[in-house]
Student: 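Supplied in structure tokens, the structure appears directly below.
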Amino acid sequence: MPERTNVVIVGGGVAALEGALALRALAPEAIHVEVVAPDEDFTYRPMLVAEPFGHGSVRTFPLRRLAEAAGASFRQAIVTGVDAEERLVRTASSDTISYDELLLAPGAVPVTAVPGALCFRGPHEAEALERVMDGAATGEIDRIVFAVPAGAAWALPLYELALLARAWLVDEGSSGVDVTVVTAEDAPLALFGSAASDAVAQLLAARGIGLVTSATPLGFGEGVLTTAPNGELEADVAVALPRLEGPRLAGVPHDSQGFIPTDDHGQIAGEVDAWAAGDATTFPLKQGGIAAQQADAAAESIAARAGVAIDPQPFRPVLRGLLLTGMVPRFLRSEPGTPASMVDTEPLWWPPAKIVGRHLAPFLAKHLGLSEVVPEATRKKAITVEVELAPWHSAEWSEV
């Protein structure tokens with residue numbers, strides 16, 4: 001038997017697991033995969049937005065068990081750089097890991113984009129937002145602004161926060177609290193296209209959520225959110241998304257922001273035996289489903305390099321987003337660069353998970369039961385509530 005190609009995957013997130021699963025499907029006998037990640041757990045983050053409102057939480061699962069279930073071995077280590085000439089991955093403990101082919105999927109680093117605002121990026125901020133909501137319910141907070149800064153690579157969670165906050169406030173009998181979305185986008189969730197954007201705008205209006213577009217949040221202080229150009233909005237609390245920076249791994253090409261340049265097959269510019277996928281790359285959309293698609297393209301290219309008879313297909317992004325609203329969720333789909341745009345209250349993909357990966361979504365649904373499909377009884381109840389809200393918001397009637 002010929003010697004198996006040793007593929008090292010750096011990272012423990014969506015792109016890394018999708019890459020391992022894709023390589024197992026493509027070449028189980030020809031390739032050995034080792035996943036190298038700094039953390040011992042895989043963190044399923046999409047439900048973080050629901051945590052402050054008691055509808056969900058971040059969940060973690062042992063990464064070693066997931067990697068082994070995906071047909072890969074696992075090593076816990078902090079990767080600091082790559083020696084492409086020697087085909088070595090360097091770690092913080094000064095160890096080296098040899099590879100034949102390398103897939104980098106270390107993710108990106110979230111940093112504050114709107115100084116003074118609550119930067120929503122993890123469980124700590126979810127707890128802080130929960131305290132904000134408690135203050136709103138007791139009358140201490142009257143105005144909450146949710147801000148999408150320029151450069152936010154994935155704005156959907158901010159709209160979820162605003163919609164879930166409004167639904168929670170109504171349930172608590174605090175519907176008088178002002179909730180506003182301020183975004184640098186020309187239209188809400190514009191990256192999904194006009195059909196989805198119009199539907200989201202109507203949904204915000206139906207819920208009584210203010211919307212300010214084409215306003216770039218700059219900073220929050222003394223009860224004022226400052227925006228460009230020349231804007232100010234009074235608020236008691238501002239909640240903003242972070243912006244992302246690349247990992248800046250030593251020995252790996254990157255742009256001024258630390259992101260790794262790749263071609264349509266995920267191959268790193270100037271590197272023969274190295275690929276990258278996910279948030280660490282220069283591709284502007286940073287989202288789990290996009291990361292999985294990048295990993296699929298890279299896996300096909302890696303398998304072909306390892307001698308598998310396959311015609312590698314280039315990365316062609318399809319954007320899918322499951323928008324949690326506190327009532328009936330919305331499924332959004334678009335193909336960037338085309339006019340294709342869809343929105344529906346019924347699933348547009350299966351399983352109906354927030355992270356959509358060809359291999360990862362069914363894998364997580366099977367092994368961990370992770371799927372955000374809404375039970376039929378809950379859906380009927382939510383639809384009834386929206387119909388009751390509709391008489392003074394006629395746009396919602398057609399949606400229901």
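Here, residue 1 is the first one in the sequence, and each next residue gets the next number. All of these numbers come straight from a predicted model, not from anything done at the bench.
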Student: Restricting to non-hydrogen atoms, name the atom on Ala150 and the atom on Thr216 that form the minimum distance, rounded to 0.1 Å.
Tutor: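 Nearest pair, atom of Ala150 first, then Thr216: CB-CG2, 3.7 Å.
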
Student: Is a salt bridge present between Glu29 and Arg4, judged by a nitrogen-to-oxygen distance below 4.0 Å?
Tutor: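 Here Glu29 does not pair with Arg4 in a salt bridge, since their nearest N and O are not under 4.0 Å apart.
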
Student: How long is the span from the CG atom in Leu364 to the OH atom in Tyr44, to the nearest 0.5 Å?
Tutor: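 Nearest 0.5 Å value for the CG-OH distance: 6.5 Å.
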
Student: Report yes if some heavy atom in the side chain of Glu160 is under 4.5 Å from a heavy atom in the side chain of Leu323; otherwise report no.
Tutor: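 Heavy-atom side-chain distance check passes, below 4.5 Å.
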
Student: One pair to check against side-chain contact (heavy atoms from CB on, under 4.5 Å): Met47 and Leu324. What are the steps and the verdict?
Tutor: CA-CA 9 Å; Met47 296 305 290; Leu324 302 179; 3.9 Å; yes

Student: Quick one: pull up CG in Leu322 and CG in Leu332 and give me the separation to the nearest 0.5 Å.
Tutor: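 Atom-to-atom, Leu322:CG and Leu332:CG are 8.0 Å apart.
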
Student: Is the shortest distance from a Lys or Arg side-chain nitrogen in Arg87 or Asp273 to a carboxylate oxygen in the other one below 4.0 Å?
Tutor: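 Asp273 and Arg87: salt-bridged.
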
Student: Check whether any side-chain heavy atom of Leu189 lies under 4.5 Å from a side-chain heavy atom of Tyr159, and answer yes or no.
Tutor: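 Leu189 reaches Tyr159 side chain to side chain.
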
Student: Counting only N and O atoms by type, is there a donor-acceptor contact under 3.5 Å from the side chain of Gln293 to the main-chain atoms of Gly289?
Tutor: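 The answer is yes, because a donor-acceptor pair under 3.5 Å joins these two groups.
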
Student: Should Leu233 and Thr227 count as side-chain neighbours, where that means a heavy-atom distance under 4.5 Å?
Tutor: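 A side-chain contact is absent here, since even the closest heavy-atom pair is not under 4.5 Å.
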
Student: If you group Ile, Leu, Val, Met, Phe, Trp and Tyr by side-chain heavy-atom gaps below 4.5 Å, do Val35 and Val89 land in one group?
Tutor: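 Hydrophobic grouping puts Val35 apart from Val89.
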
Student: Between Val8 and Leu102, is there a side-chain heavy-atom distance shorter than 4.5 Å?
Tutor: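 In short, these two side chains touch, coming nearer than 4.5 Å.
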
Student: Does the side chain of Val212 come within less than 4.5 Å of Val181's, by heavy atoms?
Tutor: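 Val181 vs Val212: side chains apart.
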
Student: Please determine, by modelled atom types, if Thr281 and Asp279 share a side-chain donor-acceptor pair under 3.5 angstrom.
Tutor: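 The answer is no; no qualifying pair exists.
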
Student: With the side chain counted from C-beta on, respond yes when Phe146 and Thr180 share a heavy-atom pair under 4.5 Å apart, and no when they do not.
Tutor: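 No - every pair of side-chain heavy atoms lies 4.5 Å or more apart.
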
Student: Taking atom CG of Asp264 and atom CD of Gln313, what is their separation to the nearest 0.5 Å?
Tutor: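 If we round to the nearest 0.5 Å, Asp264:CG and Gln313:CD are 11.5 Å apart.
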
Student: Does Trp154 belong to the same Ile/Leu/Val/Met/Phe/Trp/Tyr cluster as Leu244, with side-chain heavy atoms less than 4.5 Å apart forming each link?
Tutor: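 Hydrophobic grouping puts Trp154 apart from Leu244.
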
Student: Hey, is the main chain of Gly151 close enough, under 3.5 Å, to the side chain of Arg243 for a donor-acceptor pair?
Tutor: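 Not at all, since once roles are kept as given, no pair shorter than 3.5 Å links the two residues.
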
Student: Is it the case that more than 12 heavy atoms not belonging to Glu234 sit under 6.0 Å from its CD atom?
Tutor: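 No, because the 6.0 Å sphere around CD of Glu234 holds 12 heavy atoms or fewer from other groups.
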
Student: Would Phe283 and Gln294 count as a side-chain contact (heavy atoms from CB on, under 4.5 Å) if you check the C-alpha gap in whole Å, the side-chain angles of each, and the deciding distance to 0.1 Å?
Tutor: CA-CA 10 Å; Phe283 190 73; Gln294 290 177 299; 3.5 Å; yes

Student: I'd like to know if Phe74 and Phe61 are part of one continuous hydrophobic network [Ile/Leu/Val/Met/Phe/Trp/Tyr, side-chain heavy atoms within less than 4.5 Å].
Tutor: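 Yes, one cluster joins them.
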
Student: Rounded at 0.5 Å granularity, tell me how far NE2 in His124 sits from CZ in Arg121.
Tutor: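 Result: 9.0 Å between the selected atoms.
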
Student: Looking at Glu185, is its backbone amide N or carbonyl O close enough to the side chain of Thr183 to form a donor-acceptor pair, meaning the two atoms are under 3.5 Å apart?
Tutor: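 Pair found, side chain donor or acceptor close to backbone of Glu185.
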
Student: Between Lys286 and Phe259, is NZ or CZ placed under 6.0 angstrom from the six-membered ring centre and within 45° of the ring axis?
Tutor: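 Lys286 over Phe259 ring: yes.
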
Student: Treating Ile, Leu, Val, Met, Phe, Trp and Tyr as nodes and any side-chain heavy-atom pair under 4.5 angstrom as an edge, say whether Ile209 and Leu156 lie in one connected cluster.
Tutor: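 They do share one cluster, since a chain of ILVMFWY contacts under 4.5 Å joins Ile209 to Leu156.
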
Student: Applying the side chain to side chain donor-acceptor pair (under 3.5 Å) criterion to Arg90, which one of Asp83, Thr80, Thr96 satisfies it?
Tutor: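 For Arg90, the side chain to side chain donor-acceptor pair (under 3.5 Å) test succeeds with only one of Asp83, Thr80, Thr96, which is Asp83.
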
Student: Between Trp275 and Ser301, is there a side-chain donor-acceptor contact under 3.5 Å, judged purely by atom types and distance?
Tutor: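 On atom types as modelled, these side chains qualify, holding a pair under 3.5 Å.
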
Student: So, does Arg75 use its side chain to make a donor-acceptor pair with the main chain of Glu34 at under 3.5 Å?
Tutor: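 No; judged by distance alone, with no hydrogens or angles, the pair does not exist.
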
Student: Are Phe192 and Val343 packed together at the side-chain level, in the sense that at least one heavy-atom pair is separated by less than 4.5 angstrom?
Tutor: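 No, side chains not in contact.
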
Student: Give a yes or no on whether Ile310 atom CD1 has more than 12 heavy-atom contacts from other residues, nucleotides or ligands under 6.0 Å away.
Tutor: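 Above 12, so yes.
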
Student: Is there a donor in the side chain of Asp186 and an acceptor in the side chain of Ser214, or the other way round, less than 3.5 Å apart?
Tutor: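 There is such a pair (donor and acceptor under 3.5 Å, judged by atom type) between the side chains of Asp186 and Ser214.
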
Student: Output the distance between atom CG (Leu163) and atom CG (Leu204), rounded to the nearest 0.5 Å.
Tutor: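 Reported value, rounded in 0.5 Å steps: 5.5 Å.
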
Student: Using side-chain contact (heavy atoms from CB on, under 4.5 Å), reason through Arg333 and Leu319 one step at a time and then give a plain yes or no.
Tutor: CA-CA 6 Å; Arg333 185 187 185 280; Leu319 190 59; over 6 Å; no

Student: Are the side chain of Gln76 and the backbone N or O of Pro38 linked by a donor-acceptor pair below 3.5 Å?
Tutor: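 Confirmed, Gln76 side chain pairs with Pro38 backbone.
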
Student: One thing to verify: whether Arg358 and Glu300 come together as a salt bridge, which I'm taking to mean a side-chain N less than 4.0 angstrom from a carboxylate O.
Tutor: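 A salt bridge is present here (some side-chain N lies under 4.0 Å from a carboxylate O).
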
Student: List the steps and the verdict of side-chain contact (heavy atoms from CB on, under 4.5 Å) for Leu360 and Val14.
Tutor: CA-CA 8 Å; Leu360 185 59; Val14 170; 3.6 Å; yes

Student: Measuring from atom SG of Cys119 to atom CD of Glu125, what distance do you get when rounded to the nearest 0.5 angstrom?
Tutor: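 Separation between the atoms: 6.5 Å.
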
Student: Are side-chain heavy atoms of Val237 and Arg143 found at a separation under 4.5 Å?
Tutor: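 Contact flag for Val237/Arg143 side chains = no.
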
